Amino acid sequence: MQPGTRRVYPGFCSLTIVLLFFLGSIGAAAWGRREDKTKCPKVKGIRNFDISEFLGSWYIVQYYASSEEALAYRCMRAELSISSESTEVTMNFTYSFTDDPINEQLVGNITWKIPSSELPAHWVHAEYPYEGVYNTYVLDSDYKSWALLMHCAEQSKSPRYLSSFIMSRDPSLKANVISYLREKLPRYDIDLEYMFPMDQNQCNKTDTSEMDLLIPPAVMARRNNIIRKHPLKRKHRRVSL
């Protein structure tokens, strides 16, 4: 052997080729498993879920929606009930828009079917504003203080719609509880940067007849012409005075 050269052993070459092939196969498999952003992620609701303990009044203390980059709502509160046959769950809720100078309260509702009595923490939209599926999951709850909901809607030829509520029986939650619940969301492609705190202060109904006199006509005209989006993609209506 001449100086400055080294012998390459056949066994070493074979091992290198096998290793490169193995790594290439892993990379190809990972590329092939790229998530389909039109489909809802695979989600498992809370185990041994007791829906009767979950019903009642909740404050929404943090809110996420994949279609929104800023929080448009405040004072969102929910009341959950179940049908006598225990096959449908209804959420009636109130909320206001953050830029509404008179803090007008709006109301909405959404109803879900419970497709399986063995999986009571998974609900499916009972109405059909979408062409596809609208799933809701109770991801976690201690029933007495806090809960975490996640919604996912599929619509053909469109990105999926994801939203999530961190809920509390009181207007606020401790920071460590909020952190615990937020940590459960990134695995479902929820970007915590857009998971916003929901203001629950000064949420009493405003006397609109008095406030309307204090708002300049130009502001009122612009406010009345704004097309509002419902937080759960439903039409909203005013609270009856």
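Just so you know, these numbers come straight off a predicted model, no measurement behind them.
Atom CG of residue Leu181 and atom CG of residue Asn176 lie 9.5 Å apart, to the nearest 0.5 angstrom. To the nearest 0.5 Å, the span separating OG on Ser66 from NE2 on His151 amounts to 11.5 Å. Here the OH-CG distance, from Tyr64 to Leu185, works out to 9.5 Å after rounding to the nearest 0.5 Å. Taking CE of Met150 as the reference point, atom SG of Cys40 lies at 7.0 Å (rounded to 0.5 Å). Atoms CE and CG, on Met167 and Leu80 in that order, are 5.5 Å from each other to the nearest 0.5 Å. Rounded to the nearest 0.5 Å, atoms CG (Leu162) and CG (Asp189) are 6.5 Å apart.
For the residue pair Ile114 and Ile51, the shortest heavy atom distance occurs at CD1-CD1, 3.8 Å. Residues Val61 and Ser168 come closest through the heavy atom pair CG1-CB, 3.9 Å. The two atoms that bring Pro197 and Leu71 nearest to each other are O-CD2, 2.9 Å, heavy atoms only.
Note on ring orientation: taking the six-membered ring where Trp is involved, the planes of His122 and Tyr137 are parallel (angle under 30°, cut-offs 30° and 60°). A tilted orientation is assigned to the rings of Phe97 and Tyr73, their planes being inclined by 30° to 60°. Between Tyr161 and Tyr134, the ring planes lie perpendicular to each other; the angle is over 60°, past the 30° to 60° tilted range.
In this view, Lys184 and Asp140 satisfy the salt bridge (Lys or Arg N to Asp or Glu O under 4.0 Å) rule, not counting sequence neighbours.
Cluster annotation: Leu149 and Leu192 are assigned to the same hydrophobic cluster (Ile/Leu/Val/Met/Phe/Trp/Tyr, side-chain heavy-atom contacts under 4.5 Å, transitive).
Listed by first and then second residue, the salt bridge (Lys or Arg N to Asp or Glu O under 4.0 Å) pairs involving residues 72-96 are Arg74-Asp199 (not counting sequence neighbours).
Partner Trp112 forms a side chain to side chain donor-acceptor pair (under 3.5 Å) with one of Thr136, Thr90, Asn135 and no other, that one being Thr136.
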Apply side chain to side chain contact (heavy atoms under 4.5 Å, CB included) to Met91 and Phe165, showing your working. CA-CA 13 Å; Met91 176 190 285; Phe165 295 162; 4.2 Å; yes
Run the numbers on Val138 and Trp123 for side chain to side chain contact (heavy atoms under 4.5 Å, CB included), then give the verdict. CA-CA 9 Å; Val138 183; Trp123 312 334; 3.7 Å; yes
Please step through side chain to side chain contact (heavy atoms under 4.5 Å, CB included) for the pair Phe49 and Tyr143, ending with a clear verdict. CA-CA 10 Å; Phe49 179 59; Tyr143 304 108; 3.5 Å; yes
Evaluate the side chain to side chain contact (heavy atoms under 4.5 Å, CB included) criterion for residues Ile60 and Tyr95: first the C-alpha distance (whole Å), next the side-chain angles of each, then the deciding distance (0.1 Å), finally the verdict. CA-CA 10 Å; Ile60 314 303; Tyr95 63 100; over 6 Å; no
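Of the possible polar contacts, none joining the Thr94 side chain to the Val107 backbone as a donor-acceptor pair under 3.5 Å is found. For the pair Gln200 (side chain) and Met76 (backbone), a donor-acceptor distance under 3.5 Å is present. Side-chain N or O atoms of Arg182 include none that pairs as donor or acceptor with a backbone N or O of Gln62 at under 3.5 Å.
For Arg169 and Trp58, the positive end sits near the middle of the six-membered ring, less than 6.0 Å away and at most 45° from its axis.
One side chain, Ser52 or Asp50, offers a donor N or O that lies under 3.5 Å from an acceptor on the other.
The shortest side-chain heavy-atom distance between Cys203 and Ser96 does not fall under the 4.5 Å cut-off. No side-chain heavy atom of Val89 sits under 4.5 Å from any side-chain heavy atom of Phe54.
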